[in-house]
2 protein chains.
Amino acid sequence: MSTWADATLAAMQTKRHRSGGARRAVVELLGRQDCCLTAQGIFDGLRAEGRRVGIASVYRILEQLVRDGFVQRIDVGDGISRYEPAHPGGEHHHHLVCDGCGRVVAFEDQPLEQALEGLSTRLGHEVAAHDVVLRGECSDCLRAAS
Amino acid sequence: MSTWADATLAAMQTKRHRSGGARRAVVELLGRQDCCLTAQGIFDGLRAEGRRVGIASVYRILEQLVRDGFVQRIDVGDGISRYEPAHPGGEHHHHLVCDGCGRVVAFEDQPLEQALEGLSTRLGHEVAAHDVVLRGECSDCLRAAS
DNA sequence: ATACGTGCAAAGTATTTGCAAACGG
DNA sequence: CCGTTTGCAAATACTTTGCACGTAT
């Protein structure tokens, strides 16, 4: 379960030298999540655990993790960045944003994944990463909007 | 060529009552573009034409146009929103962001489009809109990074 | 004439940066 | 010990809001 967190911490330690407590805390918290978190959400989560961190450190650490490819930054269009562990090669999910309540839920879809894989060659262009964001009303909001 | 601009202006005039000069200017400028523009880009473009508009009006007008479905808001992950005419039903393109220079270029891909169309039924969930953003190095940057 | 549209300036909010203190190796 | 990491506070940048004036109908 914490395999991503361990691998990430080990790899970061190799690249840079010191490994501070705040980075470990952020990575471990991210490793426990299954979907994306906002920077503020990570900050709140760490504070809730009693960890005294600064929001700036959270941003700085996330920036490093994104730059080194361990974390994927996701932007669903509300102006707030979200972050989640990047599982290289492995399972891959995308996000569905509810137009009503703004909730973000994950989904997987094999045909979509295949179409995305072929893109790189069809475009004759390197594609390092892809984000797909769908918008629509979630079942709760559809019912409420009747 | 200006068919989108005309249709949009006409439809806006039906929904709301007055039709001010700033909105017309924004819609006409958008209609002349083929890919996405930032709010600041639209503002600069209008100023360059000698139109004295406020950046706040640009944002307000874009918000209306997005809400009414005439303009699509695109977020490529750099924290700056981009806007482009929405061509309902018609051709549909997505965006490729260069990791090197940050430039945004458009692309179309039929297999991807088909996978996206099927998503709504496969997920058992209404999907009103979708954004796909690819990241990778553009040919210029690939060459420069050798 | 009247209410919506617009421009300017000020406020708001997510994120970044400067800097001194804490900390790891 | 030395240099990276961190927390705080201040700064930045995009976007939104308040308000008075202009403008279309």
Side-chain angles (χ1 to χ4, degrees), chain A residues 8-29 36-68 70-71 73-83 102 104, chain B residues 8-29 36-68 70-71 73-83 102 104:
Chain A
T8 299
L9 285 170
M12 291 297 279
Q13 203 147 12
T14 319
K15 287 196 195 233
R16 343 208 134 260
H17 291 91
R18 322 301 170 75
S19 171
R23 190 158 63 215
R24 170 175 287 99
V26 168
V27 169
E28 287 178 347
L29 189 146
C36 50
L37 276 176
T38 63
Q40 188 68 47
I42 293 168
F43 176 77
D44 293 344
L46 293 176
R47 288 279 171 143
E49 294 177 356
R51 189 85 179 60
R52 196 165 125 288
V53 295
I55 184 95
S57 301
V58 172
Y59 277 108
R60 263 185 303 230
I61 290 162
L62 287 171
E63 186 198 336
Q64 288 181 349
L65 292 169
V66 169
R67 181 157 29 78
D68 291 343
F70 297 111
V71 163
R73 178 177 161 169
I74 290 147
D75 221 311
V76 298
D78 60 354
I80 307 174
S81 295
R82 287 148 208 273
Y83 303 86
V104 178
Chain B
T8 298
L9 285 170
M12 291 299 278
Q13 203 149 12
T14 319
K15 286 196 196 237
R16 343 209 135 260
H17 290 92
R18 324 298 171 77
S19 170
R23 188 157 64 214
R24 169 176 287 101
V26 168
V27 169
E28 287 177 348
L29 190 148
C36 50
L37 275 177
T38 63
Q40 187 69 47
I42 293 168
F43 175 76
D44 293 344
L46 292 176
R47 288 277 171 145
E49 295 177 357
R51 189 84 179 63
R52 193 165 127 290
V53 295
I55 185 97
S57 299
V58 172
Y59 277 107
R60 263 184 303 230
I61 290 162
L62 288 171
E63 186 198 335
Q64 287 182 348
L65 291 169
V66 169
R67 181 158 29 78
D68 290 343
F70 297 111
V71 163
R73 178 177 162 168
I74 290 148
D75 221 311
V76 298
D78 61 353
I80 307 173
S81 294
R82 287 147 207 275
Y83 303 85
V104 178

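Lettering follows sequence order; numbering is per chain, from 1.
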Atom CD1 of A:I80 and atom P of D:dT16 are separated, to the nearest Å, by 12 Å
A side-chain contact here means heavy atoms from C-beta on lying under 4.5 Å apart; do A:T38 and A:S81 qualify? no
Given DNA chain D, 5'-ward residue of the pair B:R73 and B:G21, judged by closest heavy atom: B:R73
Rounded distance in Å - OH (B:Y59) to P (C:dG12): 18 Å
Using a heavy-atom cut-off of under 4.0 Å over every strand shown, decide if B:R51 touches base, sugar-phosphate, or nothing. sugar-phosphate
Provide, to the nearest angstrom, the distance between the CD1 atom belonging to A:I61 and the P atom belonging to C:dT15. 15 Å
Please determine if a side-chain N or O atom of A:Q13 lies less than 4.0 Å away from the OP1 or OP2 oxygen of C:dG25. yes
Rounding to a whole Å, what distance do you find between B:I55:CD1 and C:dT6:C1'? 14 Å
Just so I know, are the side chains of B:M12 and B:T14 near enough to count as touching, which here means a heavy-atom distance under 4.5 Å? no
What's the CD-P distance between A:Q64 and C:dT17, to the nearest Å? 13 Å
Report yes if at least one side-chain N or O of B:S81 is closer than 4.0 Å to OP1 or OP2 of D:dC14; otherwise report no. no
Could you tell me whether a side-chain N or O of A:R47 sits under 3.5 Å from a main-chain N or O of A:R52, the two making a donor and an acceptor? no
I want to confirm an ordering. Mapping A:G54 and B:A39 to their closest nucleotides on DNA chain D, which one lands closer to the 5' end? A:G54
Taking atom C1' of D:dC8 as reference, at what distance in whole Å does atom CZ of A:R52 sit? 9 Å
Select base, sugar-phosphate, or nothing to describe what B:T38 touches, counting heavy atoms under 4.0 Å on all strands. nothing
Among D:dC8, C:dT15, D:dT6, find the nucleotide with the atom closest to the side chain of A:A22. D:dT6
Polar contact flag, side-chain donor to acceptor under 3.5 angstrom, B:D68-B:Q64: no
D:dA24 phosphate, OP1 or OP2: any side-chain N/O from B:S19 under 4.0 angstrom? no
Report the distance from atom CZ of B:R60 to atom P of C:dC4, rounded to the nearest whole Å. 14 Å
When the distance from CZ of B:R82 to C1' of D:dT15 is rounded to whole Å, what number comes out? 15 Å
Of B:V104, B:V76, B:V71, which meets side-chain contact (heavy atoms from CB on, under 4.5 Å) against B:C36? B:V104
For a quick test of reading the model: is some side-chain N or O of A:R23 closer than 4.0 Å to OP1 or OP2 of D:dT5? yes
